[in-house]
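From a predicted model like this one, the values you see are computed outputs, not experimental measurements. Only heavy atoms go into these numbers, but all of them, side chains included; no hydrogens, no water, no symmetry mates. Quick note on labels: first sequence line is chain A, next is B, and so on, each numbered from 1.
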Number of protein chains: 2
Amino acid sequence: MPSISKENYLKAIFIGNRADKKPLTTTEIASRLEISNAATSEMARKLADSGLIKYEKYKGLRLTKKGERIAVNVIRRHRLWELFLLKVLKLNWAEVHDEAEKLEHISSEKLIDKIDEFLNYPKFDPHGEPIPDKNGELPNLPKTIKLSETEIGKEYFVIKVDDSSNELMNYLTKIGLKLYEKIKVADKLKFDNSVIIMLKSKQINLSKKVAESIFVSESSINLSRN
Amino acid sequence: MPSISKENYLKAIFIGNRADKKPLTTTEIASRLEISNAATSEMARKLADSGLIKYEKYKGLRLTKKGERIAVNVIRRHRLWELFLLKVLKLNWAEVHDEAEKLEHISSEKLIDKIDEFLNYPKFDPHGEPIPDKNGELPNLPKTIKLSETEIGKEYFVIKVDDSSNELMNYLTKIGLKLYEKIKVADKLKFDNSVIIMLKSKQINLSKKVAESIFVSESSINLSRN
DNA sequence: TTACAAAGTTAAGCACACCTAAAATAATTA
DNA sequence: TAATTATTTTAGGTGTGCTTAACTTTGTAA
């Protein structure tokens with residue numbers, strides 16, 4: 001079982017993973033984890049020694065199958081805790097992330113499975129990110145586009161929101177925009193690139209920045225696993 | 001905020017605290033935490049430096065008010081988590097303790113308060129140990145005696161059980177003996193010092209060892225805080 | 001194609017929390 | 001009381017994960 005620190009490196013590598021599969025640089029990992037380059041170089045060597053990543057000096061690094069399994073498991077633990085803390089224990093957005101960040105490293109497999117069961121095997125976390133199952137399988141996600149890139153007049157389902165800002169989550173909660181809801185794009189203003197949507201006959205104007213943080217799909221998704 | 005390690009020392013000192021209030025020895029703490037004497041001596045110095053314990057070399061140590069506040073808070077976190085894991089997430093006795101042992105150190109005040117609220121401000125953990133409230137106040141406990149020291153023919157309420165053995169907890173669960181239940185001492189056998197009790201018209205023979213691990217009172221207790 | 005800036009690695013050192021072994025102190029017994 | 005034994009502390013050392021500073025490699029612009 002890798003240390004908390006090692007789990008965080010593996011998770012950062014998994015999440016930072018690029019679409020083109022090119023190796024990540026140690027610098028990218030360092031900046032993501034907010035530690036020095038030096039620490040990352042050193043850790044890269046250790047992780048490579050234990051077969052968790054593939055690493056060539058000056059060339060970057062990528063997860064091995066073994067490392068990926070661990071990373072996916074950490075992400076499973078994180079996302080289940082986030083959902084649990086928000087829905088069951090009613091923590092707010094700001095608290096949920098930080099708390100899950102700690103809990104993900106110290107929860108036994110058994111505890112996580114119990115939480116999974118309690119929540120009835122959810123497929124998505126509160127931001128719409130997929131929750132890997134016990135075997136590391138991710139649920140299918142429909143293809144999503146940014147709300148800012150939608151077509152006027154069409155209907156969409158809200159599938160995912162950027163999880164990096166609690167401010168955004170609070171705002172969306174306040175205006176009543178929830179995941180999986182159907183919306184209609186009423187208009188898009190050239191002037192400021194804001195998007196006007198219809199949500200249950202209510203008209204809402206979303207700024208460019210907000211519209212770029214909301215991911216929608218033309219098809220809805222099946223939420224439960226069984 | 002003290003480190004996990006420091007919290008464990010403070011907790012061990014609080015729990016090991018003697019009735020006569022005499023200072024504990026570093027050796028006692030070391031054995032409780034299963035670490036070397038040397039480590040404990042060193043830590044005693046550090047804790048004394050930060051004003052969490054009073055420590056005189058070769059003379060033993062005791063908590064200061066400040067140290068006690070922290071210890072009680074750790075115990076609050078532990079006992080709330082134990083109850084939560086057992087009742088809500090249905091972990092078994094063996095898992096509950098180890099898990100709580102980790103969770104108690106990384107849970108924010110806010111999270112603990114939410115758990116407290118979810119459980120409706122319980123006064124006792126699953127072993128019958130009192131749960132300190134947010135201010136560190138412990139609920140009143142009735143005077144208890146060991147089941148092995150009761151009088152034949154009298155009725156008692158089960159108040160507390162020794163929390164050091166999961167085996168015992170499993171056994172009590174199996175025979176259906178729960179906390180707060182009323183029992184009648186039917187007989188006590190001189191032969192093997194076992195105790196025969198009536199539990200809801202069912203007769204159960206408890207061995208000397210079991211009877212010494214169960215604490216009872218003649219009066220029942222008020223379970224909820226409000 | 002070279003030379004130099006940016007990116008990345010190694011080296012040396014620190015804090016923490018532990019260890020074993022040796023030294024110091026306290027307690028016990030002759 | 002002195003000697004012996006038991007307890008407790010100090011000294012020196014280890015592994016982890018971080019730091020800054022110095023060095024090496026890589027990529028780019030002249």
Side-chain angles (χ1 to χ4, degrees), chain A residues 1-14 16-18 20 22-63 67 70-71 74 98 101-102 104-106, chain B residues 1-14 16-18 20 22-63 67 70-71 74 98 101-102 104-106:
Chain A
M1 170 141 292
S3 65
I4 291 175
S5 194
K6 290 200 173 79
E7 284 192 348
N8 277 330
Y9 277 91
L10 296 174
K11 187 178 65 157
I13 298 167
F14 184 88
N17 196 28
R18 274 190 278 274
D20 60 12
K22 281 225 191 77
L24 288 162
T25 65
T26 48
T27 306
E28 284 171 302
I29 305 305
S31 103
R32 206 175 274 274
L33 295 175
E34 297 186 276
I35 56 179
S36 69
N37 260 356
T40 309
S41 276
E42 201 179 312
M43 185 58 96
R45 195 177 37 69
K46 287 190 203 165
L47 291 173
D49 285 351
S50 14
L52 298 173
I53 66 170
K54 199 117 185 44
Y55 167 54
E56 270 187 281
K57 282 201 282 191
Y58 298 100
K59 298 285 175 59
L61 47 82
R62 57 159 53 99
L63 292 172
I70 293 169
V74 175
D98 292 351
E101 205 68 22
K102 295 178 287 177
E104 67 188 17
H105 301 295
I106 57 140
Chain B
M1 170 144 291
S3 66
I4 290 175
S5 195
K6 291 198 174 79
E7 285 192 349
N8 277 330
Y9 277 90
L10 295 175
K11 188 177 65 159
I13 298 166
F14 184 87
N17 196 28
R18 274 191 279 274
D20 61 11
K22 282 226 189 76
L24 289 161
T25 65
T26 47
T27 307
E28 284 170 302
I29 304 306
S31 104
R32 206 176 272 276
L33 295 175
E34 296 185 278
I35 56 178
S36 70
N37 259 358
T40 309
S41 273
E42 199 179 315
M43 185 58 94
R45 195 178 36 69
K46 285 189 204 165
L47 291 173
D49 284 353
S50 13
L52 299 173
I53 65 171
K54 200 120 185 41
Y55 167 54
E56 269 186 282
K57 283 202 283 191
Y58 297 101
K59 296 285 175 57
L61 47 82
R62 57 158 53 100
L63 292 173
I70 293 169
V74 176
D98 292 351
E101 205 67 21
K102 295 178 287 175
E104 68 188 16
H105 301 295
I106 57 140

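Between B/Leu47 atom CG and C/dA17 atom C1' there is a gap of 12 Å when expressed in whole angstrom units. Note: CD1 (A/Ile4) to P (D/dG17) measures 10 Å, nearest angstrom. Rounded to whole Å, the distance from OH on B/Tyr9 to P on C/dA17 is 9 Å. Whole-Å rounding puts the A/Lys22 NZ to C/dA7 C1' distance at 17 Å. For the pair A/Asp49 CG and D/dG15 P, the computed distance is 15 Å after rounding to whole Å.
Counting non-hydrogen atoms of other residues, nucleotides and ligands closer than 6.0 Å to NZ of A/Lys102 gives a total above 12.
Contacts between residues 29-43 of chain A and DNA chain D, counted as heavy-atom distances below 4.0 Å, involve A/Ile35, A/Ser36, A/Ala38, A/Ala39, A/Glu42, A/Met43. Against DNA chain D, the stretch residues 54-61 of chain B makes heavy-atom approaches under 4.0 Å through B/Tyr55, B/Lys57, B/Tyr58.
Of the two residues near DNA chain D, B/Glu28 and A/Ser5, the one whose nearest nucleotide lies more 5' is B/Glu28.
For C/dA15, neither phosphate oxygen OP1 nor OP2 lies less than 4.0 angstrom from any side-chain nitrogen or oxygen of B/Lys46. Between B/Thr26 and D/dT9 there is a side-chain polar atom (N or O) within less than 4.0 angstrom of OP1 or OP2. For the pair B/Thr25 and D/dT7, the criterion of a side-chain N or O lying under 4.0 Å from OP1 or OP2 is not met.
Put simply, NZ on A/Lys11 and CD1 on A/Ile70 are 14.0 Å apart, with the number rounded to the nearest 0.5 Å. To the nearest 0.5 Å, the span separating NZ on B/Lys59 from NZ on B/Lys22 amounts to 14.0 Å. Taken from OH in A/Tyr9 to CD1 in A/Ile29, the straight-line distance is 9.5 Å, to the nearest 0.5 Å. Atoms CG and CD1, from A/Leu24 and A/Ile13 in turn, are 7.0 Å apart once rounded to the nearest 0.5 Å. Separation of atoms CG (A/Leu61) and OG1 (A/Thr26) is listed at 6.5 Å; rounding is to 0.5 Å.
Looking only at side-chain heavy atoms (C-beta outward), A/Leu10 and A/Val74 stay at 4.5 Å or farther from each other. Between A/Asn8 and A/Glu104, some side-chain heavy-atom pair lies under the 4.5 Å cut-off. The shortest side-chain heavy-atom distance between A/Leu33 and A/Thr40 does not fall under the 4.5 Å cut-off.
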